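Below: one structure, written as structure tokens.
Remember, it's 1-based here, ligands and their atoms both numbered in the order they're listed. Only a predicted model underlies this, so the values are computations on that prediction, with no experimental measurement involved.
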Amino acid sequence: MGVPETHPRKESLRIRHLLIGGFRRGLVAEAGLIAHGRGEAYDYLIGEKTHSAAEAAMKAAAALLQSTDSAISVNGNTAALCPKEIVSLAEATDSRLEVNLFYRSDEREKLIRDELLSAGARKVYGVGVDEKTVPGLDSERAKTDEAILDADTVLVMLEDGDRTEKLVEMGKKVIAIDLNPMSRTAQKAHISVVDNVVRALPKLTEYARAKVESKDYDNTRVLADMEKIIRGGL
Ligand code: PTJ
């Protein structure tokens with residue numbers, strides 16, 4: 001069904017339809033549709049725009065991704081919403097790409113890898129991995145590959161708190177993009193970009209290309225500012 005150009009919620013519906021299309025093609029898990037709904041609710045509360053606290057987090061994230069050995073973790077939702085933007089950020093920051101799924105299946109792994117390759121990725125890790133794991137994690141998210149295992153910095157998006165916690169315990173710097181500043185992922189990450197991945201990835205790439213610097217970044221403050229915005233919105 002087409003959305004009229006004049007529809008007041010056109011952009012939100014466009015994003016929603018990208019996800020539905022991704023679900024129909026097998027990229028997105030059933031639960032991914034529900035996770036998106038939760039994200040939409042938070043996005044609505046922050047006014048569906050990028051706030052200065054998120055910009056500060058993005059500048060810090062772009063600088064860290066560029067200055068360290070880095071990997072970007074890709075799941076079904078992000079592959080359906082912004083494959084090209086993920087590949088552009090990986091190129092701008094020289095980061096490796098790894099498929100990492102909560103609802104892991106051989107078929108979804110391959111579909112997501114192929115989506116990234118079609119979007120221009122040169123190499124995609126994390127497909128067919130069975131032996132390497134993130135220690136202490138019981139879910140399928142534990143399965144990992146050298147892209148993330150060897151990285152000093154990992155960017156995660158729509159992530160579970162468990163893995164964020166374990167990656168931090170492994171000594172990695174974790175950057176999260178998550179619309180909920182109160183989620184365990186946002187709370188545990190070193191840098192939390194509270195924004196929609198659809199808006200955040202192009203901005204992050206722009207900052208990385210501009211080689212922005214970031215001094216005295218304070219994630220606790222950023223999270224508090226974003227929570228204040230949400231409470232104000234309520
Ligand atoms: O593809 P898989 O198998 O790895 O499954 C992925 C899902 C998304 C199903 C899984 O990671 C999941 O259940 O995620 P959660 O626990 O629901 O967490 C999703 C978080 O991301 C929530 O805090 C949402 O508010 C947030 N979120 C949802 N959509 C977006 C978002 N954050 C940024 N941008 C979005 N578009």
- Gly76: numbered ligand 1 atoms lying under 4.0 Å from its heavy atoms: 1 (O)
- Query: Right, does atom 7 (C) of ligand 1 have protein non-hydrogen atoms nearer than 4.0 Å?
  - Reply: no
- Task: Could you tell me whether some N/O pair between Val197 and ligand 1 is separated by less than 3.5 angstrom?
- Result: yes
- Return a yes/no value for Asp178: is any of its N or O atoms, backbone included, closer than 3.5 angstrom to an N or O of ligand 1? yes
- Check each atom of ligand 1 against the heavy atoms of Ala31 and keep those under 4.0 Å away; list them by number with element. 9 (C)
- Task: Using distance alone, determine whether Ala29 and ligand 1 share an N or O pair under 3.5 Å.
- Result: no
- Task: Looking only at distances, please establish whether an N/O atom of ligand 1 is found under 3.5 Å from an N/O atom of Phe102.
- Result: yes
- Output yes when the distance from some N or O of ligand 1 to some N or O of Arg141 is under 3.5 Å, and no in every other case. yes
- Ser70 versus Ser95, side-chain donor and acceptor atoms under 3.5 Å: yes
- Message: Does Lys132 have more than 12 heavy atoms from other residues, nucleotides or ligands lying within 6.0 Å of its NZ?
- Response: yes
- Indicate whether any N or O donor in one side chain lies under 3.5 Å from an N or O acceptor in the other, for Asp178 and Thr185. no
- Inspect the surroundings of NZ in Lys188 and state if more than 12 heavy atoms from other residues, nucleotides or ligands are less than 6.0 Å away. no
- Polar contact flag for Asn77 and ligand 1 (N/O pairs, less than 3.5 Å): no
- Query: Would a 4.5 Å heavy-atom cut-off, applied to side chains only, mark Leu89 and Leu155 as touching?
  - Reply: yes
- Which ligand 1 atoms, with their elements, are less than 4.0 angstrom from a heavy-atom of Asp195? 33 (C), 34 (N)
- Query: Numbering the atoms of ligand 1 from 1, which are under 4.0 Å from a heavy atom of Gly32?
  - Reply: 9 (C)
- Message: Can you confirm, on distance only, whether ligand 1 has an N/O atom lying under 3.5 Å from any N/O atom belonging to Ser183?
- Response: no
- Task: For the pair Asn196 (side chain) and Val198 (backbone), establish whether a donor and an acceptor sit closer than 3.5 Å, ignoring hydrogens and angles.
- Result: yes
- Message: Quick check: do Lys166 and Pro135 have side-chain heavy atoms less than 4.5 Å from each other?
- Response: no
- Which atoms of ligand 1 sit under 4.0 Å from any heavy atom of Arg108? 1 (O), 2 (P), 3 (O)
- Item | Region of Met157 that comes within reach of ligand 1 [heavy atoms, distance under 4.0 Å] | neither
